[in-house]
Amino acid sequence: MPTLTYRDALNEALLEEMQRDPDVFLMGEEVGEYDGAYKVSRGLLKQFGPKRVVDTPIAELGFAGIGVGAAMVGLRPVIEMMTWNFALLAIDQIVNSAAKMRYMSGGQIGCPIVFRGPGGSALQLGAQHSQAFESWYAHVPGLKVIAPATPADAKGLLKSAIRDDDPVVFIEGEMLYNLKGEVPEGEHLTPIGVADVKREGGDVTLVCHSKSVTIALKAADQLAEAGIQAEVVDLRTIRPLDTDTVLRSVGKTHRCVVVEEGWPFAGVGAQVVDVLQRDAFDELDAPVVRVTGADVPMPYNKALEKAAKADPAQVVAAAKRVLYLE
Amino acid sequence: MPTLTYRDALNEALLEEMQRDPDVFLMGEEVGEYDGAYKVSRGLLKQFGPKRVVDTPIAELGFAGIGVGAAMVGLRPVIEMMTWNFALLAIDQIVNSAAKMRYMSGGQIGCPIVFRGPGGSALQLGAQHSQAFESWYAHVPGLKVIAPATPADAKGLLKSAIRDDDPVVFIEGEMLYNLKGEVPEGEHLTPIGVADVKREGGDVTLVCHSKSVTIALKAADQLAEAGIQAEVVDLRTIRPLDTDTVLRSVGKTHRCVVVEEGWPFAGVGAQVVDVLQRDAFDELDAPVVRVTGADVPMPYNKALEKAAKADPAQVVAAAKRVLYLE
Amino acid sequence: MAGSATKPSKAKKAAPAASAEECHHWLRQMMLIRHFEEKAGEAYSLGKIGGFCHLYIGQEAVGVGCIASLRPDDYITCSYREHGHALARGMSARSVMAELFGKATGCSGGKGGSMHLFDAERGFLGGHGIVGGHIPLTAGTAFAAKYRGTDQVSACFFGEAAVNIGAFHEALNMASLWKLPAIFVCENNGYGMGTALARASAIMDISHRAYSYAMDTEAVDGQDVLAVKAAMDRAVARARTDSMPTLLEMRTYRYVGHSMSDAAHGTYRTKEEVETFRQRDPIKVLAEYMKAGGMIDNAGIAAMDEEVVAEVADALQFAEESPDPPPEALTRDVYAEPR
Amino acid sequence: MAGSATKPSKAKKAAPAASAEECHHWLRQMMLIRHFEEKAGEAYSLGKIGGFCHLYIGQEAVGVGCIASLRPDDYITCSYREHGHALARGMSARSVMAELFGKATGCSGGKGGSMHLFDAERGFLGGHGIVGGHIPLTAGTAFAAKYRGTDQVSACFFGEAAVNIGAFHEALNMASLWKLPAIFVCENNGYGMGTALARASAIMDISHRAYSYAMDTEAVDGQDVLAVKAAMDRAVARARTDSMPTLLEMRTYRYVGHSMSDAAHGTYRTKEEVETFRQRDPIKVLAEYMKAGGMIDNAGIAAMDEEVVAEVADALQFAEESPDPPPEALTRDVYAEPR
Ligand SMILES: Cc1ncc(C[n+]2csc(CCOP(=O)(O)OP(=O)(O)O)c2C)c(N)n1
Ligand SMILES: Cc1ncc(C[n+]2csc(CCOP(=O)(O)OP(=O)(O)O)c2C)c(N)n1
Ligand SMILES: [Mg+2]
Ligand SMILES: [Mg+2]
């Protein structure tokens with residue numbers, strides 16, 4: 001199996017799906033001639049031409065709506081948001097048009113569209129360029145929300161998302177683009193709504209997604225040195241949430257830490273906790289502890305930014321807390 | 001003490017604060033000549049003139065940004081969103097400009113602004129006009145989020161919000177505008193971030209806000225008939241969340257139901273549950289149960305809409321569940 | 001009053017010829033819409049229709065004239081004020097009224113309502129509730145037609161207040177930049193709810209907004225269905241053959257309030273103003289043209305009126321007797337059925 | 001290549017007179033900005049500056065000429081490409097460089113960074129990271145000035161790609177509708193990241209977009225600081241005395257990549273194109289004008305250069321030696337201190 005970067009795995013998914021289905025097209029700022037602001041769409045313009053790889057003006061609300069209109073009549077647009085921070089301008093088209101079209105039309109008109117791009121923080125991009133909005137989109141019925149952590153999942157889930165008949169919010173990560181990993185070739189379709197145990201362990205469950213999977217795996221290694229076996233459950237899909245896999249793990253470990261990059265209030269972790277405290281009430285030997293981004297706008301300064309982010313040390317401390325070791 | 005409708009209590013707050021501080025002005029669609037789409041600003045144009053009661057074109061992103069700009073240089077804008085569904089178009093100015101201005105500027109430039117208007121569902125307005133977004137705004141550091149349930153709180157909290165030096169998202173309710181209640185005259189300032197026990201009870205805590213307070217109070221009456229005394233805790237402010245008052249109540253009742261109009265996934269209730277399961281882990285005799293809006297876009301049909309909404313019967317059933325009576 | 005709507009200016013072009021048969025069809029359609037809306041208003045007051053309900057009384061010529069110019073496989077997206085467009089597109093009075101009543105037999109299954117009428121087979125891609133929100137959708141369906149190489153065109157209907165919102169600006173710039181086969185029809189009825197045009201836009205000549213996008217444009221007398229049809233024909237041809245978009249400003253007027261919860265006059269416009277504009281009632285304008293051309297007489301008009309009254313009465317009864325959607329409809333169509 | 005920037009056209013007006021003293025001041029400012037940006041680029045490559053960093057090399061005349069026309073109590077809001085405007089406004093090279101280094105002594109306390117420079121006392125209301133997002137903010141500060149009855153004006157600086165976004169359309173319509181004392185300065189440097197103007201806007205003459213808002217407008221040679229100053233003076237006067245807004249299109253060019261992570265040429269424009277535009281380097285244009293007018297000679301220019309080199313070197317050292325913000329700064333200024 002070849003080893004690819006997360007970026008190239010996404011590129012491969014786009015390439016294969018555009019080859020497979022002529023109705024699939026890519027639209028967004030700098031996706032064509034510039035080969036993508038983060039090079040995810042490198043080579044696609046050359047391969048498919050300007051009709052199917054469409055560079056746009058800076059007008060997120062407009063081109064998100066154009067994507068929805070095209071999806072309403074049967075095309076399968078992939079709309080790139082240069083980053084999910086800029087998608088706030090387009091959120092009316094995602095939430096009021098795409099998410100509701102099938103329901104409002106009594107089932108007549110669906111919206112098979114994928115909105116994709118990097119979310120969350122990178123390094124010192126400041127308050128307006130560092131936000132993670134998974135919990136916002138996962139709040140909305142009619143949307144599916146996917147946040148892959150590895151190159152293999154990135155390819156498999158993007159292929160599944162493009163073939164899905166519902167609007168999908170697909171959140172990548174600038175800090176993940178260079179991550180390397182083995183990626184199955186060809187028809188590698190990862191099911192939507194299915195979490196993945198990335199590391200087995202019996203002592204504590206670390207629920208995570210996207211970048212926080214890397215954090216959780218590092219924490220798990222450190223915990224292992226202290227003789228604690230952590231099970232790392234990568235949600236992969238935020239909505240629909242695979243509560244069974246999480247419950248199965250917590251049923252085994254009886255202790256849980258939820259790790260996410262975003263802000264705490266009503267974040268993805270709050271929903272995971274809500275499910276666990278109800279459906280695993282008798283299984284939990286300790287309250288679920290969350291590790292999140294600091295509840296502040298992202299500062300520019302390097303040291304402050306580091307302090308604002310979830311990291312392995314905080315996860316290790318949280319794990320020890322639910323094990324009553326600290 | 002006079003009895004006012006929720007609408008007139010808001011009107012009184014606007015009138016008093018505009019009289020008190022010449023820097024306070026009201027801007028939004030139909031707030032002036034039309035006396036407000038829901039008549040909340042009735043008479044203000046006549047009293048203060050078009051300089052301070054400003055009708056706008058339909059351009060939410062634009063006039064929300066104009067409000068932020070005016071607040072950056074010391075005015076105190078009250079920006080009316082005809083409904084919070086339309087504010088999705090302005091959410092970049094609320095989240096990327098208003099919420100971050102003080103932090104990005106290293107404390108130099110604040111943003112004393114109030115965005116207000118009706119949120120949530122009314123009767124048969126359909127999917128695009130019936131949404132409750134409290135949890136979205138409460139997710140964002142830098143914002144305060146208020147959702148009053150009664151005329152007295154509406155007046156007291158709007159006066160406090162207008163005097164607050166931070167951006168406030170103030171969510172009213174079309175179905176609350178006609179609610180009557182006693183409203184203190186003059187300098188009635190309700191503190192932000194303080195919940196209010198609207199009904200004492202020792203058996204189960206019903207946490208609620210905005211319209212769900214009315215639902216919880218009705219449920220409490222029905223429960224009382226079954227000999228169950230429910231304590232109704234009205235959050236009033238969603239961010240900052242008054243966890244002390246909630247914990248105090250749950251410390252007494254050991255059982256909790258959280259009621260909200262919005263969708264379940266990562267809703268306000270999920271955050272309340274997250275806090276309770278951790279800080280009241282040993283107090284809870286049963287998992288916290290939530291009653292929310294159905295996880296669907298709002299249908300138009302009357303019967304389906306009714307089925308989509310939280311109601312007293314569901315709260316009674318939930319209360320009995322946490323009391324292991326059902 | 002704050003200022004009345006822009007005076008409807010005579011179309012620059014000579015009154016275009018139209019066959020007697022076409023005129024009959026249009027007259028009947030406009031009368032059907034007028035009567036349908038009057039009855040819908042009554043049903044609303046009787047509590048049979050809930051929520052918001054925006055009537056099309058006074059603007060019938062725009063919907064009828066424009067949609068008459070379209071092919072069955074063209075695409076249409078509208079704002080919430082779209083009962084007339086739905087009927088003009090051939091959706092039955094039954095299916096539209098049943099939707100207003102929230103019934104399972106409604107064109108959106110009772111889940112859309114007055115503001116969200118859909119008929120996929122007829123390319124009727126909705127009523128939409130966010131002002132200007134559907135303008136990019138039209139650019140999207142036009143993009144799809146061009147992408148597929150069909151010569152379908154896409155028509156968008158929105159009000160004059162929508163030209164001041166970001167979605168209008170972004171969509172028209174891209175529609176022109178990418179030469180999309182779209183016709184953007186602005187129904188300038190003078191008011192956005194209670195706000196007269198002069199209080200919302202820095203320019204009164206809305207058609208001039210097209211210059212920012214190097215887009216063809218025309219201001220048209222929206223009360224004259226023949227003028228509307230002729231202008232739309234030009235725009236449709238431009239889209240279908242040259243794949244070029246057009247902005248049409250239809251100068252029209254609504255005789256009723258913004259919605260059922262807004263008075264017809266007395267707050268932001270006078271009774272006199274409404275009466276003045278009623279002089280050029282689109283139904284009267286066409287009827288007089290047809291009578292002058294010997295295409296119809298008063299008896300014919302009366303007969304036609306009886307037909308539409310019957311059709312609407314049937315639709316009301318059908319809606320009344322239709323069942324509600326079943327309880328399980330609540331959770332259906334949130335997502336696609338898994339394949 | 002996809003297409004070069006719009007050729008800078010000579011300003012219609014005659015080259016305006018400016019005093020020797022003013023010219024000296026502007027030449028020094030432009031040289032300071034040029035040198036500052038070159039050193040900032042180096043510091044970035046050495047890892048002392050993180051994140052995004054957008055340099056102003058080539059566009060100095062616009063910031064200097066426009067801001068020279070403003071009073072100290074006027075308001076300025078910029079995009080993320082605002083180092084030059086900050087220096088032109090009088091913010092010290094020290095405070096700006098320290099902010100780029102993320103230090104506590106930076107103009108935003110180290111928490112804003114390159115894209116978010118603020119100085120409340122100087123009315124410098126930020127760099128902002130959302131394209132077009134600060135255009136309504138300028139309309140807001142102009143609204144505030146008019147509300148208070150002061151004759152302050154508000155200037156907004158944004159790129160040519162920002163004219164295609166909704167915030168531009170909505171803000172300019174309201175600024176014109178309410179006659180707000182604002183000057184909207186579009187710095188048309190030909191590209192929005194890698195997208196040439198012709199691939200983003202349906203019209204190439206950006207100044208014509210003002211017609212949609214009945215707003216005064218001018219296209220100006222952005223490489224000639226005198227022409228820039230003269231045009232800005234006209235716009236500032238219009239705002240200060242008549243409270244009328246203006247759209248100024250400054251035709252300029254950037255000699256470096258969009259940001260530090262974008263090559264100066266080779267992907268979306270050729271080296272030759274960059275060289276062509278370098279012929280009209282704004283510093284060269286002013287220096288030649290001054291030499292021709294006997295205001296300065298090469299020795300004077302060299303001396304001035306030494307001064308700015310020293311000033312920037314001092315700023316670099318200051319930034320290097322300045323402390324990081326303290327750890328508790330993380331949670332400060334999220335909300336106001338309770339009164
Ligand atoms: C973004 C947005 N803001 C506000 C509203 C509330 N609203 C509904 S219709 C309307 C007036 C629209 O006027 P116009 O565009 O002229 O259309 P008309 O109703 O006259 O056909 C307003 C303000 C909305 N639906 N969407
Ligand atoms: C809404 C939004 N979309 C995309 C981006 C990413 N981005 C930052 S600058 C830029 C190009 C802007 O070009 P222009 O407005 O011409 O300004 P210039 O950089 O040329 O000064 C883009 C696409 C952003 N910051 N905001
Ligand atoms: Mg109108
Ligand atoms: Mg540019």
Side-chain angles (χ1 to χ4, degrees), chain B residues 22-23 25 27 50-52 54-77 79 89-90 92-93 95-113 140-144 163-167 191-193 239-240, chain D residues 75 77 99 104 106-113 115-121 123 125-130 132-148 152 154 165-175 177-178 180 325 329 331-339:
Chain B
D23 285 341
F25 69 93
M27 178 182 273
K51 200 191 81 171
R52 296 185 69 197
V54 184
D55 284 327
T56 67
I58 305 173
E60 280 77 2
L61 182 67
F63 65 73
I66 284 174
V68 173
M72 286 167 69
V73 292
L75 291 186
R76 285 184 172 273
I79 302 296
L89 289 167
D92 178 67
Q93 289 294 342
V95 171
N96 269 333
S97 295
K100 294 174 174 51
M101 202 61 71
R102 187 181 297 281
Y103 197 84
M104 285 194 303
S105 65
Q108 293 176 74
I109 295 170
C111 192
I113 188 169
V140 178
L143 297 180
K144 289 174 184 167
R163 298 188 196 184
D164 194 279
D165 289 337
D166 293 308
I192 295 173
R239 186 189 180 112
Chain D
Y75 298 123
T77 48
E99 187 59 37
C107 59
S108 301
K111 286 164 62 172
M115 297 192 291
H116 306 299
L117 306 178
F118 286 85
D119 185 331
E121 275 141 33
L125 307 175
H128 299 271
I130 304 299
H134 61 296
I135 300 176
L137 304 187
T138 293
T141 61
F143 176 92
K146 184 164 190 170
Y147 184 92
R148 289 193 174 117
Q152 295 162 293
S154 296
I165 205 161
F168 169 87
H169 179 67
E170 296 186 5
L172 266 70
N173 180 55
M174 285 183 276
L177 187 67
W178 298 335
L180 299 181
T331 53
R332 227 188 286 131
D333 300 325
V334 180
Y335 294 99
E337 297 307 324
R339 269 185 277 169

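Computed from heavy atoms alone, side chains included, the values below leave out hydrogens, waters and symmetry copies. Below, read A as the first sequence line, B as the second, and so on, with proteins coming before strands; counting in each chain starts at 1. Just so you know, these numbers come straight off a predicted model, no measurement behind them.
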S.K.: Stepwise, does the side-chain contact (heavy atoms from CB on, under 4.5 Å) test hold for D:Leu137 with B:Met72?
M.R.: CA-CA 8 Å; D:Leu137 304 187; B:Met72 286 167 69; 4.0 Å; yes

S.K.: Do D:Glu170 and B:Thr56 touch side chain to side chain, with heavy atoms closer than 4.5 Å?
M.R.: no

S.K.: Quick one: of D:His116, D:Arg148, D:Glu337, D:Met115, who has the most non-hydrogen atom pairs under 4.5 Å with chain B?
M.R.: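 Most pairs with chain B among the choices: D:Arg148.
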
S.K.: When you compare the side chain of D:Tyr335 with that of B:Asp165, does any pair of heavy atoms fall below 4.5 Å?
M.R.: no

S.K.: Among D:Leu117, D:Leu180, D:Asp119, D:Leu172, which has the most heavy-atom pairs under 4.5 Å with chain B?
M.R.: D:Asp119

S.K.: Looking only at heavy atoms, which two atoms of B:Val73 and D:Tyr75 are closest? And how far apart?
M.R.: CG1-CE2, 3.3 Å

S.K.: What part of B:Leu143 gets within 4.5 angstrom of chain D, counting heavy atoms only: side chain, backbone, both, or neither?
M.R.: backbone

S.K.: Find the distance between OH (B:Tyr103) and NZ (D:Lys111) and round it off to the nearest 0.5 Å.
M.R.: 4.0 Å

S.K.: Do you know which of B:Ala70, B:Pro22, B:Gly67 has the most heavy-atom pairs under 4.5 Å to chain D?
M.R.: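 Greatest number of close heavy-atom pairs with chain D: B:Ala70.
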
S.K.: Closest heavy-atom contact between B:Arg52 and D:Tyr147?
M.R.: NE-OH, 2.9 Å

S.K.: Answer with side chain, backbone, both or neither: which region of D:Leu177 has an atom nearer than 4.5 Å to a non-hydrogen atom of chain B?
M.R.: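 Answer is side chain: those atoms of D:Leu177 sit under 4.5 Å from chain B.
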
S.K.: Go through the atoms of D:Leu125 and report whether side chain, backbone, both or neither lie under 4.5 Å from a heavy atom of chain B.
M.R.: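 Interface part for D:Leu125: both.
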
S.K.: Given heavy-atom pairs under 4.5 angstrom as the criterion, report whether the side chain, backbone, both or neither of D:Ala142 touches chain B.
M.R.: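 When you check distances to chain B, no heavy atom of D:Ala142 falls under 4.5 Å.
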
S.K.: Looking at every heavy atom in both B:Met104 and D:Phe118, which two are closest together, and how far apart are they?
M.R.: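 That closest heavy-atom pairing would be O-CD1, 3.8 Å.
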
S.K.: Identify which part of D:Arg332 has an atom lying under 4.5 Å from any heavy atom of chain B, answering side chain, backbone, both or neither.
M.R.: backbone

S.K.: Who among B:Ile109, B:Val68, B:Asp164 has the most heavy-atom pairs with chain D under 4.5 Å?
M.R.: B:Ile109

S.K.: May I ask you to test the D:Trp178-B:Ile66 pair for a side-chain heavy-atom distance under 4.5 Å?
M.R.: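 Yes, side chains in contact.
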
S.K.: Where on B:Gln93 is there a heavy atom nearer than 4.5 Å to chain D: the side chain, the backbone, both, or neither?
M.R.: side chain

S.K.: Taking side chain as everything from C-beta outward and backbone as N, CA, C, O, which of these in B:Pro77 sits under 4.5 Å from a heavy atom of chain D? Side chain, backbone, both or neither.
M.R.: neither

S.K.: For the candidates B:Pro141, B:Ser105, B:Ala64, which exhibits the highest count of non-hydrogen atom pairs separated by less than 4.5 Å from chain D?
M.R.: B:Ser105

S.K.: Is B:Leu61 in contact with chain D via its backbone, its side chain, both, or neither, using a 4.5 Å heavy-atom distance?
M.R.: both

S.K.: Mind ranking B:Asn96, B:Asp92, B:Leu75 by heavy-atom pairs under 4.5 Å with chain D and telling me who comes out on top?
M.R.: B:Leu75

S.K.: At a 4.5 Å cut-off on heavy atoms, which part of D:Phe168 comes close to chain B: side chain, backbone, both, or neither?
M.R.: neither

S.K.: Please state whether the side chain, the backbone, both or neither of D:His128 comes within less than 4.5 Å of a heavy atom of chain B.
M.R.: side chain

S.K.: With a 3.5 Å distance limit and no angle check, can you tell me whether B:Gln108 reaches the backbone of D:Cys107 through a side-chain donor-acceptor pair?
M.R.: yes

